[in-house]
Amino acid sequence: MSSIEKMTLSKALNVSLRTALENDPKVVIMGEDVGKLGGVFRVTDGLQKDFGEDRVIDTPLAESGIVGTAIGMALRGYRPVVEIQFDGFVFPAYDQIVTQLAKMHARALGTVKMPVVIRIPYGGGIGAVEHHSESPESLFAHVAGLKIVSPSNASDAYWMLQQAIECDDPVIFFEPKRRYWDKGEVDTSAIPGPLHQARVVRGGTDLTLAAYGPMVKTCLEAAAAAAEEGKSVEVLDLRSVSPLDFDGIQKSVERTRRLVVVHEAPVFFGSGAEIAARITERCFYHLEAPVLRVGGFHAPYPPARLEEEYLPGLDRVLDAVDRALAY
Amino acid sequence: MSSIEKMTLSKALNVSLRTALENDPKVVIMGEDVGKLGGVFRVTDGLQKDFGEDRVIDTPLAESGIVGTAIGMALRGYRPVVEIQFDGFVFPAYDQIVTQLAKMHARALGTVKMPVVIRIPYGGGIGAVEHHSESPESLFAHVAGLKIVSPSNASDAYWMLQQAIECDDPVIFFEPKRRYWDKGEVDTSAIPGPLHQARVVRGGTDLTLAAYGPMVKTCLEAAAAAAEEGKSVEVLDLRSVSPLDFDGIQKSVERTRRLVVVHEAPVFFGSGAEIAARITERCFYHLEAPVLRVGGFHAPYPPARLEEEYLPGLDRVLDAVDRALAY
Amino acid sequence: MTVESTAARKPRRSSKRVSAKKPPAEQTELVQLLTPEGERVEHSEYSIDLSHDELRGLYRDMVMTRCFDAEATTLQRQGELGLWASLLGQEAAQIGSARALRDDDYVFPTYREHGVAWCRGVDPTNLLGMFRGVNNGGWDPNSNNFHLYTIVIGSQTLHATGYAMGVAKDGADSAVIAYFGDGASSQGDVNEAFTFSAVYNAPVVFFCQNNQWAISEPTERQTRVPLYQRAQGFGFPGVRVDGNDVLACLAVTKAAVERARRGEGPTLVEAFTYRMAAHTTNDDPSKYRNEDEYESWKSKDPIERFRTYLSNEGIADQDYLDAVEAEAEQLGKRVRDAVRTMPDPDTMAIFENVYADGHALVDEERAQFAAYQASFAEEGN
Amino acid sequence: MTVESTAARKPRRSSKRVSAKKPPAEQTELVQLLTPEGERVEHSEYSIDLSHDELRGLYRDMVMTRCFDAEATTLQRQGELGLWASLLGQEAAQIGSARALRDDDYVFPTYREHGVAWCRGVDPTNLLGMFRGVNNGGWDPNSNNFHLYTIVIGSQTLHATGYAMGVAKDGADSAVIAYFGDGASSQGDVNEAFTFSAVYNAPVVFFCQNNQWAISEPTERQTRVPLYQRAQGFGFPGVRVDGNDVLACLAVTKAAVERARRGEGPTLVEAFTYRMAAHTTNDDPSKYRNEDEYESWKSKDPIERFRTYLSNEGIADQDYLDAVEAEAEQLGKRVRDAVRTMPDPDTMAIFENVYADGHALVDEERAQFAAYQASFAEEGN
Ligand SMILES: Cc1ncc(C[n+]2csc(CCOP(=O)(O)OP(=O)(O)O)c2C)c(N)n1
Ligand SMILES: Cc1ncc(C[n+]2csc(CCOP(=O)(O)OP(=O)(O)O)c2C)c(N)n1
Ligand SMILES: [Mg+2]
Ligand SMILES: [Mg+2]
């Protein structure tokens with residue numbers, strides 16, 4: 001019996017949430033406007049109607065309260081899946097996430113678990129106003145106790161969310177909002193791979209492009225363009241930012257000997273820094289060029305009319321590929 | 001007329017604040033217990049008595065409120081110097097710092113300035129309970145619009161705080177709390193160097209140790225120990241985390257060809273990552289070994305009885321030095 | 001283990017709510033000087049005595065604001081703006097409160113205070129920059145004592161409080177007003193602003209436009225008692241005013257502002273009004289609210305009722321009304337033209353104003369990016 | 001430009017405060033069932049009827065708690081603990097409130113609820129782990145329905161609210177109690193907890209021990225009206241109880257807990273008490289408060305007054321009092337011994353329980369560190 005269907009990334013998330021609500025009575029969804037409205041991106045569309053206000057909970061407009069009460073519900077045995085409306089609005093909840101959610105399991109010497117998923121639509125490219133286009137994953141990755149993942153396609157969106165909800169640790173689930181409308185095949189009866197494993201989404205021999213979330217597509221496009229110029233570029237979809245799959249990256253880099261990391265978040269203190277530092281240590285004698293990074297600048301996310309130039313696009317990725325290959 | 005005096009690092013901060021209050025009527029000090037008590041570390045000791053409750057303001061117990069109202073006072077033309085009682089308590093203010101304080105100048109297209117200093121005693125080694133020993137500087141360095149500095153000695157404590165208060169940008173001023181009681185000479189009539197410039201505090205030829213705040217002393221001890229074994233280790237006091245003085249580091253590394261970065265903060269997504277990534281890019285052909293990092297583990301700061309082993313100490317620094325030299 | 005519903009508790013809960021809520025609130029607690037039918041009524045505590053010129057001015061403000069707002073909505077539909085947050089229905093709350101202020105007072109708005117901006121003298125086209133995506137705030141806050149629009153819900157209430165603390169420190173008798181919504185009342189920041197302002201007795205007015213919706217959530221998701229009552233628990237007065245009654249909004253705000261000037265500290269004003277439009281142009285209210293509610297509020301329209309009053313009292317004749325209409329159309333045209341010719345920002349603006357005193361990394365990235373861009377220009381040659 | 005003081009506003013401000021504050025509060029609003037002189041009085045709303053056994057039990061709880069607390073302070077002075085936060089003076093507030101609970105209720109403490117922990121059956125030595133620095137919370141919250149001590153001020157109030165929301169969802173009639181201090185009342189989180197609990201009608205009791213100090217700051221730095229009044233603004237009842245009167249604390253908490261069970265939602269209880277000791281053993285209160293205040297509160301000591309009552313009423317004779325004293329000494333000794341022999345954690349515990357489901361980086365760092373440590377062992381050989 002095949003269960004393969006083509007759907008948008010946001011629909012895949014919706015179906016995944018529905019499945020979770022069906023499979024486990026302890027799963028609850030909480031957030032601003034997740035009820036009747038179905039979320040501003042419609043990811044929770046129809047869920048309150050079918051599962052009731054007790055399972056799909058519109059919350060007061062207070063992110064610290066949302067995460068703080070989700071922690072309490074987790075202590076009571078629930079598995080809250082929390083929605084933060086936009087990347088830029090997670091910060092009022094930052095204290096609860098960093099000092100409570102992340103540390104509770106350790107503080108309790110393992111006696112309590114924190115199966116809380118925090119879904120955050122993130123990244124730019126949708127022409128939005130301030131605070132609606134940011135990529136704050138680094139600000140969470142530095143914090144022990146959190147897991148951080150980001151799918152790049154519909155199938156991963158479905159499965160990684162399933163796995164995040166099943167995980168007994170807090171997972172920050174970054175959704176690439178400008179890919180919400182991209183369609184892909186989802187096989188809801190497949191057996192998914194490990195949540196935190198990188199995946200080679202295009203093989204290559206000259207250089208590795210590593211990315212996650214929204215930039216995977218851009219990297220695939222860049223690899224295709226590079227191929228036309230005779231360069232064989234491998235693309236790694238990292239999928240997870242904490243933990244990072246260093247083994248997977250290392251394996252690729254030992255073959256290609258060159259690595260470019262791409263993300264929307266600012267380069268300074270971004271994921272690329274951690275990857276560059278560790279891979280350089282692991283592959284010091286393999287690397288023919290320094291690990292290069294392509295990402296945002298050390299500046300606030302700019303107004304929409306500048307985002308095309310601010311965001312790492314095809315050209316900037318290819319420029320880095322060329323620079324790396326020039327070593 | 002000489003004005004050199006020997007004093008503890010915390011006293012140097014106290015004198016610096018007093019000078020600022022005297023020199024500029026717009027400077028105000030705000031925080032929990034900064035008044036009569038003089039702060040839990042006595043850094044504001046005696047200031048309310050001498051400058052009044054209007055200049056040295058005990059605030060309600062709410063960090064977001066402290067930073068949020070400091071922003072408002074800055075908009076009114078004041079220069080608030082805010083104290084966060086301990087590193088682990090800055091997170092309730094994180095939203096105001098990241099979404100408001102850091103971005104206000106850019107949002108206003110340069111028409112308003114945000115001369116707010118946020119003083120945070122940080123780091124471990126004092127045998128404290130949870131939340132009192134953390135090093136969260138990376139969580140701020142990723143955010144554009146903030147400047148981040150940390151003095152390692154009394155003289156820098158005095159001068160860097162003067163400069164931070166004079167700066168028209170928000171500055172997060174991380175005070176190495178376990179060095180509060182270390183004495184050093186302070187020349188209050190000297191002409192200080194640039195706030196964001198690294199300083200070679202010990203010359204060497206075989207390897208560069210880069211650190212800031214509390215770890216500078218540890219690195220100096222490590223360099224001395226290494227010297228006994230015939231290794232010539234240079235120690236750089238970075239002093240500033242945002243911006244990082246990459247030129248200064250590069251200059252040193254081009255000579256020594258090896259770099260070890262040391263900080264208390266967790267290594268994963270820490271300052272060392274950014275330094276390693278960028279210096280490797282800048283000095284790819286100079287480096288004889290990968291940039292190594294010594295720092296905290298990906299784990300919550302442990303209870304006090306484990307901190308000696310958790311914190312990067314002499315042995316762990318020397319181990320990294322040896323590993324780097326073994327390449 | 002099955003998940004039982006909270007049904008056992010629910011009946012009591014909801015009966016509780018009903019008894020604690022609206023009926024008394026709307027009728028007895030609401031300050032009103034003008035009925036929805038346009039009839040002038042007196043209130044024991046709040047009175048107002050305006051010249052005919054002033055009254056006509058309020059009308060003009062409301063009409064100009066509504067027209068500008070409608071124009072912006074249209075411009076969004078035409079793709080000239082990325083987004084628009086309409087104030088439709090909230091004109092009286094905004095104009096009434098803003099006209100209670102002096103030039104030296106200071107305003108901290110949300111993202112919807114177009115009517116307040118108008119009263120402060122901010123050029124309406126300036127408001128459109130951020131919605132067009134050319135900047136994140138297009139004006140100098142100090143030129144009109146009107147702070148930048150703030151999107152992170154509630155955070156401006158603390159800025160207002162801090163600013164007011166500064167005013168008090170300066171010994172000035174200016175007041176500060178912080179606008180926020182019913183949804184915002186749930187944010188920790190707003191409640192911290194209440195605490196700080198009370199403790200420091202700061203000269204600030206908290207002006208909450210309860211338009212009964214926070215995107216799709218009705219006010220009951222934020223509170224189970226009327227919002228103005230929140231203030232009492234922090235030790236300062238709260239008052240609920242008919243937010244569709246421009247005169248009452250002016251009178252109540254004026255009283256609050258004067259309290260602040262006299263050094264009596266903060267006041268919370270809850271303007272009970274209704275968001276007639278969608279939350280923003282991105283929103284589809286049909287998903288969560290029904291037409292009836294909308295219709296019932298349409299009959300309480302703030303401009304209609306004020307026009308009726310002005311006409312009935314002979315304060316404004318048809319000529320005046322027509323003239324205002326014409327002027328509003330002019331404004332619409334001016335805004336339209338201005339937006340369409342609004343230049344895109346220079347790419348290098350990305351690196352501008354990140355710091356006031358410079359930052360080595362920004363300089364480095366700016367230079368690298370300029371070189372990168374120049375490389376295309378060369379290729380192009 | 002010089003900075004004027006806010007003097008112009010100050011006289012009014014402070015006169016305002018005085019008139020709005022303590023005199024009525026302490027006298028008319030305070031629920032009391034036992035005067036400081038140990039005289040039993042009745043209250044129109046709150047009554048209590050306990051057996052002699054139960055009354056003696058409360059006494060014993062308070063004495064045991066105080067003795068344990070004193071022992072911990074001594075152990076800190078001797079260097080056995082890194083820090084101690086004494087509850088001295090707050091025994092009645094803690095024992096009274098905790099004894100109003102059932103086993104299936106759930107408690108969210110701060111870092112000072114040693115008396116509550118005692119009533120919940122948490123082994124006192126367990127409380128010392130975090131103060132000794134061997135862990136960050138030494139017990140399984142679910143074995144006694146007593147959550148871990150929480151240091152980040154106020155954050156536990158949201159956990160309590162969420163837990164209570166879960167209780168309601170389960171259809172259980174348990175209640176949840178969240179402890180916090182007067183200082184904590186200023187935190188956004190606490191006020192968000194008020195909002196969430198009211199909106200969801202969660203079965204939670206907010207128990208604020210107003211010990212009148214937040215480290216060096218008096219309660220006036222947090223509020224200008226009595227704290228119990230805060231609740232009203234969020235739509236649920238608040239009550240102020242004499243926090244040094246164990247009977248009143250029990251009665252008032254019991255009533256609040258029963259409201260919660262009946263599905264009537266949250267209550268705020270403000271226990272008006274006094275922190276007799278320093279904030280923690282690190283603190284020196286002589287810097288900021290004077291001896292007089294301390295003396296005046298000493299005369300209201302919660303244990304003294306209760307002993308007077310028990311003796312006067314013949315509920316406890318000298319033998320009983322002596323027996324309790326002896327038992328308390330035993331406890332002290334047991335705690336002393338236990339602490340002194342409390343093992344340091346294994347170094348590798350740094351890497352334990354960071355995640356429930358594992359994390360590759362933790363595994364890698366654990367292995368590296370183990371190898372690093374082993375290298376010393378080898379060298380040592
Ligand atoms: C901290 C934060 N969380 C979420 C949002 C997304 N958001 C924008 S407007 C809004 C509703 C605001 O409601 P209200 O305060 O009543 O103001 P109104 O829009 O009705 O004027 C929300 C949730 C935000 N801007 N900031
Ligand atoms: C968020 C946060 N900020 C600051 C502190 C430091 N701190 C510890 S206790 C305390 C005072 C708490 O006062 P209160 O809430 O009245 O409780 P009490 O100590 O009097 O029991 C402060 C400021 C903290 N623990 N958490
Ligand atoms: Mg609203
Ligand atoms: Mg207290």
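As the structure is a computational prediction, the values presented were derived from the model and not from experiment. Throughout, a chain's letter reflects where its sequence line sits, starting with A, and its residues are numbered from 1.
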How close do [X] and [Y] get, heavy atom to heavy atom, and via which atoms?
{"X": "C/G166", "Y": "B/M73", "answer": "N-CG, 4.4 Å"}
{"X": "C/A172", "Y": "B/R76", "answer": "CB-NH2, 3.9 Å"}
{"X": "B/T69", "Y": "C/F196", "answer": "CG2-CD2, 3.7 Å"}
{"X": "C/G358", "Y": "B/K147", "answer": "O-NZ, 2.9 Å"}

Can you list the residues that meet the ring pair (Phe, Tyr, Trp, His ring centres under 6.0 Å) rule with C/F207, with sequence neighbours excluded?
-> C/Y179

Residues in ring pair (Phe, Tyr, Trp, His ring centres under 6.0 Å) contact with C/F180, at least two apart in sequence or another chain | none

Can you tell me how far apart [atom1] ([X]) and [atom2] ([Y]) are? Round to the nearest 0.5 Å.
{"X": "B/L61", "Y": "C/T195", "atom1": "CG", "atom2": "OG1", "result": "10.5 Å"}
{"X": "B/L75", "Y": "C/F108", "atom1": "CG", "atom2": "CZ", "result": "5.0 Å"}
{"X": "B/Q100", "Y": "C/I151", "atom1": "CD", "atom2": "CD1", "result": "9.5 Å"}
{"X": "B/R107", "Y": "C/M130", "atom1": "CZ", "atom2": "CE", "result": "9.0 Å"}

Engaged part of [X] at the chain B interface, taking heavy atoms whose separation is under 4.5 Å:
{"X": "C/N135", "result": "side chain"}
{"X": "C/T157", "result": "neither"}
{"X": "C/A360", "result": "both"}
{"X": "C/N142", "result": "side chain"}

Validation row: B/T111, C/P141 side chains within 4.5 angstrom (heavy atoms) | yes

From CA spacing to verdict: side-chain contact (heavy atoms from CB on, under 4.5 Å), C/K169, B/R55 = CA-CA 9 Å; C/K169 251 180 230 313; B/R55 306 284 308 280; over 6 Å; no

Looking at C/E364 and B/R282, does any basic side-chain N land under 4.0 Å from a carboxylate oxygen?
-> yes

Checking side-chain contact (heavy atoms from CB on, under 4.5 Å) for the pair C/D189/B/D95: CA distance, chi angles, key distance, verdict?
-> CA-CA 10 Å; C/D189 271 11; B/D95 175 57; 4.2 Å; yes

What's the verdict on side-chain contact (heavy atoms from CB on, under 4.5 Å) for B/I71 and C/Y163, showing C-alpha distance, side-chain angles and the deciding distance?
-> CA-CA 8 Å; B/I71 291 171; C/Y163 194 96; over 6 Å; no

Walk me through it: do C/L361 and B/L244 pass the test side-chain contact (heavy atoms from CB on, under 4.5 Å)?
-> CA-CA 8 Å; C/L361 179 62; B/L244 277 162; over 6 Å; no

Toward chain C, the part of B/S64 with a non-hydrogen atom under 4.5 Å | both

